There are 2 protein chains.
Amino acid sequence: MNDVPWLSDDEQRMWRQWMGLNAELLATLNRETQADAGLSNADYQVLVVLTDSAEGRIRVSELAAALQWERSRVSHHVARMEKRDLVSRRGCPDDGRGAFVRITETGRAAIERAAPGHVRTVRRLVFDALSADEVAQLGEIFHRLRSRVGRSTG
Amino acid sequence: MNDVPWLSDDEQRMWRQWMGLNAELLATLNRETQADAGLSNADYQVLVVLTDSAEGRIRVSELAAALQWERSRVSHHVARMEKRDLVSRRGCPDDGRGAFVRITETGRAAIERAAPGHVRTVRRLVFDALSADEVAQLGEIFHRLRSRVGRSTG
DNA sequence: CTCATGTAGGTGACGTGTCACCTATATGAC
DNA sequence: GTCATATAGGTGACACGTCACCTACATGAG
């Protein structure tokens with residue numbers, strides 16, 4: 001447990017910039033979709049998966065897998081979204097334990113209202129400041145790091 | 001609001017890898033300090049700032065500035081940490097409105113228990129997989145992006 | 001001194017995320 | 001069929017973060 005090589009100044013600076021950027025980026029995007037359509041980041045992600053799914057519906061487990069969320073998180077969040085009429089839940093005829101989540105008209109309207117601003121902001125804050133080479137390189141690096149994190153835990 | 005240029009496939013892949021990596025990295029680090037010393041990421045960050053401060057104490061506003069947190073967040077979090085005896089609060093003699101947050105012996109013990117594992121994990125998951133060039137480049141990119149985000153909101 | 005205004009910090013309500021745990025159904029061995 | 005076990009999903013408690021709002025003290029103008 002002892003004698004851990006500490007981070008160098010460069011590493012520490014980079015790490016702090018990274019974590020700070022994450023927090024600011026997420027907060028900015030959250031405020032944006034919240035203001036545009038009353039959607040949180042989590043709401044937005046759920047609705048994106050649903051609009052990409054056949055017939056706007058998906059099994060809870062598949063939703064969890066698509067978002068890389070715990071199932072209990074999906075349960076809680078879908079319950080909250082259901083109260084706001086953004087999605088609806090229905091049992092699955094093929095599997096008595098299963099459940100489908102379906103996007104409602106309200107949900108569809110909300111994401112259509114939120115998406116343009118969201119995309120524009122991501123473009124403005126991130127991609128407008130990066131060259132194509134940098135985008136490719138970052139994609140490769142994030143993929144590389146992600147496989148390490150995944151291997152280490154779950 | 002219409003005619004927003006959508007993200008290319010490369011951009012979208014990179015963006016998803018990025019956001020996914022962030023979430024997994026934070027969750028992993030959180031579980032680690034939680035298991036090692038019963039500390040959340042937020043606890044850890046607060047204690048790092050406190051140990052770096054003269055006499056292990058700092059004004060609430062300075063703590064907020066150092067962490068880039070809202071002051072109300074600091075208030076809430078310090079209150080929770082105070083209950084667990086990780087920090088203590090004292091009034092500021094020079095400014096009747098002010099308050100100091102001080103690290104306790106318990107808090108110092110906790111971060112000393114958490115730090116080695118935390119640093120080792122950051123090194124293993126991130127820096128061991130990056131060349132020095134990549135670290136420098138990422139530092140520059142994150143800095144560049146962060147200044148855009150900061151300019152756009154606050 | 002007195003009053004207007006700004007600043008430090010705290011509070012309550014509420015949405016979010018995790019953990020531990022629960023119920024109900026499915027499924028394969030026998 | 002019956003039982004053990006696995007799986008789908010949900011629930012409650014609690015920590016975290018944000019927003020709107022509040023109180024108390026500081027400070028400069030007059």
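Note on naming: letters A, B, ... go to the chains in the order of the sequence lines (proteins, then strands), and numbering restarts at 1 for each one. Computed from a predicted model, the values in this text were never measured in an experiment. Values below: every heavy atom of this structure, side chains too, minus hydrogens, waters and symmetry copies.
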Could you tell me whether the side chains of A:Gln137 and B:Gln137 share a donor-acceptor contact shorter than 3.5 Å? yes

Modelled atom types, side-chain donor and acceptor of A:Gln68 and B:Glu24, under 3.5 Å: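 A pair is found: one side chain offers a donor N or O, the other an acceptor, under 3.5 Å apart.
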
Give A:Asn30 one of three labels, base, sugar-phosphate or nothing, depending on what nucleic acid heavy atoms sit under 4.0 Å from its own.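 Answer is nothing: A:Asn30 stays at 4.0 Å or more from every strand.
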
Within the structure shown, what part of the strands sits under 4.0 Å from B:Ser40 by heavy-atom distance: base, sugar-phosphate, or nothing? sugar-phosphate

Find the distance between [atom1] ([X]) and [atom2] ([Y]) and round it off to the nearest 0.5 Å.
X       : Y        : atom1 : atom2 : value
B:Leu86 : B:Thr106 : CG    : OG1   : 7.0 Å
A:Gln17 : A:Asn22  : CD    : CG    : 11.0 Å
A:Ser40 : A:Leu29  : OG    : CG    : 12.0 Å
B:Glu32 : B:Thr121 : CD    : OG1   : 3.0 Å

Without decimals, in angstroms, what is the distance between [X] [atom1] and [N] [atom2]?
X       : N      : atom1 : atom2 : result
A:Leu26 : D:dT18 : CG    : C1'   : 14 Å
B:Arg73 : D:dT18 : CZ    : P     : 5 Å
A:His76 : D:dA13 : NE2   : P     : 11 Å

Between [X] (side chain) and [Y] (backbone), is there a donor-acceptor pair under 3.5 Å?
X       : Y       : result
A:Ser53 : A:Gly56 : no
B:Glu11 : B:Ser8  : yes
B:Thr33 : B:Leu39 : yes

Side chains of A:Arg123 and B:Trp6: closer than 4.5 Å at any heavy-atom pair?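 With C-beta onward as the side chain, the pair stays apart.
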
Quick check: do A:Leu47 and A:Val87 have side-chain heavy atoms less than 4.5 Å from each other?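 Contact flag for A:Leu47/A:Val87 side chains = yes.
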
Could you go through nucleotides 3-7 of chain D and list every protein N or O atom that sits under 3.5 Å from one of its N or O atoms, giving the distance for each pair?
unit_1: D:dT7; atom_1: O2; unit_2: A:Arg97; atom_2: NH1; d: 2.7

Pi-cation contact, B:Phe100 with B:Arg90 (under 6.0 Å, within 45°): no

Based on the rotation axes of five pairs at each end, what angle does the helix from C:dC1-D:dG30 to C:dC30-D:dG1 bend through, to 10°? 10°

Charged N to carboxylate O under 4.0 angstrom, A:Arg80 versus A:Asp43?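 Salt bridge: no.
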
Looking at B:Arg108 and B:Glu112, is there a salt bridge between them, counting it only when a charged N and a carboxylate O are closer than 4.0 Å?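 B:Arg108 and B:Glu112: not salt-bridged.
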
By a strict heavy-atom criterion of less than 4.0 Å, which residues belonging to residues 44-70 of chain B are in contact with DNA chain D?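 Under 4.0 Å from DNA chain D: B:Glu70.
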
Opening and closing nucleotides of DNA chain C in contact with chain A, under 4.0 Å to non-hydrogen atoms: C:dT16 to C:dA26

So A:Gln12 and A:Arg16, side chain to side chain donor-acceptor pair (under 3.5 Å) or not? Walk me through it. CA-CA 6 Å; A:Gln12 203 161 120; A:Arg16 282 175 202 235; 3.1 Å; yes

I need the full list of side-chain hydrogen bond (donor to acceptor under 3.5 Å, both in side chains) pairs touching residues 94-103 of chain B, with sequence neighbours left out, sorted by first then second residue. B:Asp95-B:Arg97

Quick one: on DNA chain C, does A:Gly96 or B:Val74 contact a more 5' nucleotide (nearest heavy atom)?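 That would be B:Val74.
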
Output the residues of residues 77-90 of chain A in contact with DNA chain C, where contact means a heavy atom of the residue under 4.0 Å from an atom of the strand; sort by number or write none. A:His77, A:Arg80

